[in-house]
Amino acid sequence: MEVIHLRDYGRRVRAGVHAQQVHDQIAKALKASSRVRLDFADVESVGATFLDRSLGALFARHGATILRSIVFAHCSTSVEASIVKALSQAAPLRGLLNFSGRRDAS
């Protein structure tokens, strides 16, 4: 499983340029392996535009079932809520989102 550390893009992940980089990393990792772990340790917030451009673009191309190959790790409750809100606008999510290693917001 490929691990992508979102903290490499800052504690507040919002920039569109970073979204394209993360999108490309996820796409490349999914080609090389069947699963990807997005690690949100030390990330305080994630912007809707970032999520739309990184994950939403993957949905548009591959469909919502791509989420079965992605694990969202170490999300604070606010980061998890942002992910759910942004992605639920793109497709029905029942049974598709996989959160692991939840951490409480400080």
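Nothing fancy with the numbering, it's 1 onward along the sequence. Note that the structure is predicted; figures quoted are calculated from it, not measured.
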If you apply the rule side chain to side chain contact (heavy atoms under 4.5 Å, CB included), what do you find for Val43 with Tyr9, and how did you get there?
CA-CA 9 Å; Val43 173; Tyr9 301 98; over 6 Å; no

Output, in order, the C-alpha distance, side-chain angles, deciding distance and verdict of side chain to side chain contact (heavy atoms under 4.5 Å, CB included) for Arg37 and Ser100.
CA-CA 9 Å; Arg37 178 183 305 267; Ser100 72; 3.1 Å; yes

Rounding to 0.5 Å, atoms OG (Ser33) and CE (Met1) come to a distance of 7.0 Å

Heavy-atom pair with the smallest gap, counting every atom of Val71 and Arg35
CG2-NH2, 3.0 Å

Taken to the nearest 0.5 Å, the spacing of Glu2 CD from Ser69 OG works out to 13.5 Å

Between Val79 and Ser82, does the side chain to side chain contact (heavy atoms under 4.5 Å, CB included) criterion hold? Intermediate values first, please.
CA-CA 5 Å; Val79 167; Ser82 294; 5.6 Å; no

Other residues, nucleotides and ligands only: do more than 12 of their heavy atoms fall within 6.0 Å of CZ on Arg7?
yes

Would you compute the distance between atom CZ of Phe40 and atom CD1 of Ile4 and round it to the nearest 0.5 angstrom?
9.5 Å

How long is the straight-line distance from CZ of Arg14 back to CZ of Phe50, given to the nearest 0.5 Å?
11.0 Å

Could you go through Ile26 and Leu38, starting from their C-alpha distance and side-chain angles, then the distance that decides it, and tell me whether this counts as side chain to side chain contact (heavy atoms under 4.5 Å, CB included)?
CA-CA 9 Å; Ile26 295 169; Leu38 299 179; 3.9 Å; yes

With Asp39, which residues qualify under side chain to side chain donor-acceptor pair (under 3.5 Å), at least two apart?
His74

Point-to-point distance, once rounded to the nearest 0.5 Å, from NZ of Lys85 to CG of Leu51
11.0 Å

Ignoring hydrogens and angles, state whether a donor on the side chain of Ser45 or Arg11 is under 3.5 Å from an acceptor on the partner side chain.
no

Return the minimal non-hydrogen interatomic distance between Ala19 and Arg53, and the atom names on each side.
CB-CB, 3.6 Å

Mind checking the CD1-CZ spacing from Ile83 to Phe72? Nearest 0.5 Å is all I need.
5.5 Å

